[in-house]
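See structure below.
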There are 2 protein chains.
Amino acid sequence: MDLRHLATLDAVATEGTFGKAADRLGYTQSAVSQQVAALEKAVGGAVFDRPGGPKPVRLTPLSEVVLAHGREVLARAQATEDAVERFKAGEGRVDIGTFQSVTNVILPTVVRQLLTEHPNADIRLFEEETDQPRADGLDLVFFDGRLHGDVEQVKILDDPYVLVTRPGQFPAGPVPLHALHGAAMVAQPPICDQARVERVYADAGVEPLIVFRTADNRGVLSMVRAGMGLAVVPRLALDLPTDLDTHELEEPGLSPREIYLAWQANRTLSPLAGRVIELTKQAAEQL
Amino acid sequence: MDLRHLATLDAVATEGTFGKAADRLGYTQSAVSQQVAALEKAVGGAVFDRPGGPKPVRLTPLSEVVLAHGREVLARAQATEDAVERFKAGEGRVDIGTFQSVTNVILPTVVRQLLTEHPNADIRLFEEETDQPRADGLDLVFFDGRLHGDVEQVKILDDPYVLVTRPGQFPAGPVPLHALHGAAMVAQPPICDQARVERVYADAGVEPLIVFRTADNRGVLSMVRAGMGLAVVPRLALDLPTDLDTHELEEPGLSPREIYLAWQANRTLSPLAGRVIELTKQAAEQL
DNA sequence: TCTGATGATAAGCAATGCTGGTTATTATGA
DNA sequence: TCATAATAACCAGCATTGCTTATCATCAGA
């Protein structure tokens, strides 16, 4: 049994004659006749009574059964094609792994543009604080630093670290790294890029005194503002404008945090995911 | 897009490799490869990521869409085939037109046997008192007398008329038709075969006095029992055994009522309807 | 009796679809 | 590093499918 057979059955049942059905379907009468014969062979019984002469054919009890179910089948098949079209036009779901800075700086722009283009897009964000985020199960993952494993990734932008102090605590201008030696500091927990930051400190012989750690960027800045100590944070972690002083760090020293967008290698991406990559690159260039 | 394509997609998605899917489907790996290619051409995108080497293929986002809908389509197609099988095995509905005598004497046997053979049969009876019952819309129609029009029919049985009287009203044995001349009688309304009966009376110069007409056979017999008059009814209209006297009518005179089973000519009958005809013939022979 | 509409059928032809064999690619283990 | 195994893709060959065209048989109505 074939979808085309069912479509032909439906057309003949609606039109009343083989010839009219053929016109509707773009076939010849002969083709319809052969298709009906094939369907009758498949179901093992006549589906039309042909009165002969210029009278319309009539359904048999068997064809009532086939037609009732067959129309369901055809409807589902049509629904499948529609769903494919919608998918290719950009409907569907996209799961994105992210983290604080990206959530606050890059993604708002991307999400807004994507929803403008595809109002029915189902965008879901997953912000999980882990050292090596799970890329499987997600379509795209933002991460600060390269991901290892079977992934493709593009560098979105360099996010330089800046020293954050209470107003007037340092004279304006760049600050050398060794100024942090012995200083009281507020910092992130040593996961993600923070681990690399502290390795750079150690390699330079700088040993700050970490007096408080929190994964919440606003918490870090609040404690700087409260006078607990200094902080070295990526520029994107700042809410700009801010009432705190910011100083570049002298070169060579702490290289910028690199933000990557990654996805499973060798996998076909959905149109939506592809568009997210494009929009993200554009958004990063605007910064 | 083809049902076979969807079935192949499903098989590959389940088995993980083209070769195993081919084994399940009874094809070669090459055939599956070509079918997947055809499906990918039809939907306009890859449905599998082939990692190469002995690793299973992976679904693409597109194929998630196709597969989710496609499995629905396949399920409906299977349901269609199942429904056809059930239909051919005798499930389904059969609508039968009937009238009092048949309802009480023949149909109980037929219905009981049919339900024994096909417990899921949906039998519906329509007892309408009309002169020319509508045969369209019904699969089968019982009628007393030939139907005119585009119908096929078989004679089920001859149902001779008998005279019904209060006990002892006539001496045992056949009664001549002219004994009814001027007699008080209870009768059916002059539709169906009753019209023919009264034409036979008139042709024989017999003019009974019809004192009550009712379409209800039990009503006729009740009034005979009550002494309102005689009645001439088909033997099948009697509840046997009865407390009333019955007499055959002398030949030649009133020929038996003929009961036919009819259906639309040149129409394919359902297996169930065909079986009803068979069982009806058998039941009639038992009488 | 003729005419027009219908479906069935046969022949022809292009396209489809399967098989069998081969090739290219990748992972695995020695 | 190399051989082996497993995989999908590719290609040629062949049968089948499925359409079109043309013709025929049937039936209703003028």
Side-chain angles (χ1 to χ4, degrees), chain A residues 1-43 45-60 62-63 149-152 264-268, chain B residues 1-43 45-60 62-63 149-152 264-268:
Chain A
M1 203 169 52
D2 195 347
L3 283 178
R4 236 160 350 116
H5 293 156
L6 297 177
T8 301
L9 175 69
D10 181 36
V12 175
T14 306
E15 296 291 338
T17 75
F18 286 26
K20 293 201 190 76
D23 287 343
R24 169 199 281 203
L25 296 169
Y27 293 141
T28 61
Q29 171 263 314
S30 175
V32 171
S33 195
Q34 292 174 60
Q35 283 203 20
V36 171
L39 178 61
E40 289 182 326
K41 185 179 174 187
V43 300
V47 293
F48 290 113
D49 286 321
R50 289 82 154 170
K55 284 168 61 174
V57 297
R58 279 188 307 262
L59 297 174
T60 64
L62 172 59
S63 76
D150 203 15
V151 297
E152 286 181 60
Q264 294 277 346
N266 302 317
R267 294 220 178 163
T268 303
Chain B
M1 204 169 48
D2 194 346
L3 283 178
R4 240 161 350 118
H5 292 157
L6 297 177
T8 301
L9 176 69
D10 181 36
V12 174
T14 306
E15 297 290 338
T17 74
F18 285 28
K20 294 201 189 74
D23 287 344
R24 171 197 281 203
L25 296 169
Y27 293 141
T28 61
Q29 172 263 318
S30 177
V32 171
S33 195
Q34 292 174 61
Q35 284 205 19
V36 171
L39 178 61
E40 290 183 325
K41 185 179 174 187
V43 299
V47 294
F48 290 113
D49 286 321
R50 289 85 154 169
K55 284 168 63 174
V57 297
R58 280 189 307 261
L59 298 174
T60 63
L62 172 58
S63 76
D150 202 15
V151 296
E152 286 180 62
Q264 294 279 345
N266 302 319
R267 293 223 180 160
T268 303

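Remember, predicted model here, so these are calculated numbers, not experimental data. By convention in this document, chain letters (A, B, ...) are assigned in the order of the sequence lines, proteins followed by strands, and residues within each chain are numbered from 1.
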Provide a list of protein-nucleic acid N or O atom pairs under 3.5 angstrom, restricted to nucleotides 20-25 of chain D.
from   : atom 1 : to      : atom 2 : distance (Å)
D/dT20 : OP2    : A/Thr28 : N      : 2.9
D/dT20 : OP2    : A/Thr28 : OG1    : 2.8
D/dT20 : O4     : A/Gln34 : NE2    : 2.9
D/dT21 : O4     : A/Ser30 : OG     : 2.9

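Side-chain N/O atoms of A/Arg4 include one lying less than 4.0 angstrom from OP1 or OP2 on D/dG18.
DNA chain C lies under 4.0 Å from no heavy atom of any residue of residues 8-20 of chain B.
Residues A/Asp49 and A/Thr60 bring no donor and acceptor atom of their side chains to less than 3.5 Å of each other.
Looking at residues two or more places apart in sequence or on another chain, you find a ring pair (Phe, Tyr, Trp, His ring centres under 6.0 Å) between B/Phe48 and B/Phe18. Taking the side chain to side chain donor-acceptor pair (under 3.5 Å) definition, one finds that B/Arg4 meets it with B/Asp2, sequence neighbours left out.
Of all heavy-atom pairs spanning B/Pro51 and B/Pro56, the tightest one is CG-O, 3.3 Å. Of all the heavy atoms in A/Leu6 and A/Met1, the pair that sits closest is CD2-SD, 4.2 Å. Here the shortest heavy-atom pairing between A/Ala265 and B/Arg58 reads O-NH2, 4.1 Å.
The distance from the NE2 atom of B/His5 to the CD atom of B/Glu40 is 11.0 Å, given to the nearest 0.5 Å. Of the inter-residue distances, the one linking A/Gln29 atom CD with A/Gln34 atom CD reads 9.0 Å to the nearest 0.5 angstrom. Atom-to-atom distance recorded for A/Thr17:OG1 and A/Arg50:CZ is 12.5 Å, nearest 0.5 angstrom. One finds the NZ atom of B/Lys55 at 8.0 Å from the CG atom of A/Asn266 (value rounded to the nearest 0.5 Å).
Position along DNA chain D of the nearest nucleotide to A/Lys55 versus B/Arg50 favours B/Arg50 as the more 5'-ward residue.
In this structure, the CG atom of B/Asn266 is 9 Å from the P atom of D/dA28, given to the nearest Å.
With B/Thr14 contributing its side chain and B/Asp10 its backbone, the two residues share a donor-acceptor pair below 3.5 Å.
Scanning DNA chain C 5' to 3' for nucleotides with an atom closer than 4.0 angstrom to a non-hydrogen atom of chain B gives a first and last hit of C/dG17 to C/dA27.
At a threshold of 4.5 Å between non-hydrogen side-chain atoms, the residues B/Thr8 and B/Leu39 do not count as touching. The shortest distance between side-chain heavy atoms of B/Val57 and B/Val12 falls below 4.5 Å.
Comparing the axis of the opening five pairs of the helix from C/dT1-D/dA30 to C/dA30-D/dT1 with that of the closing five pairs yields an angle of 20°, rounded to 10°.
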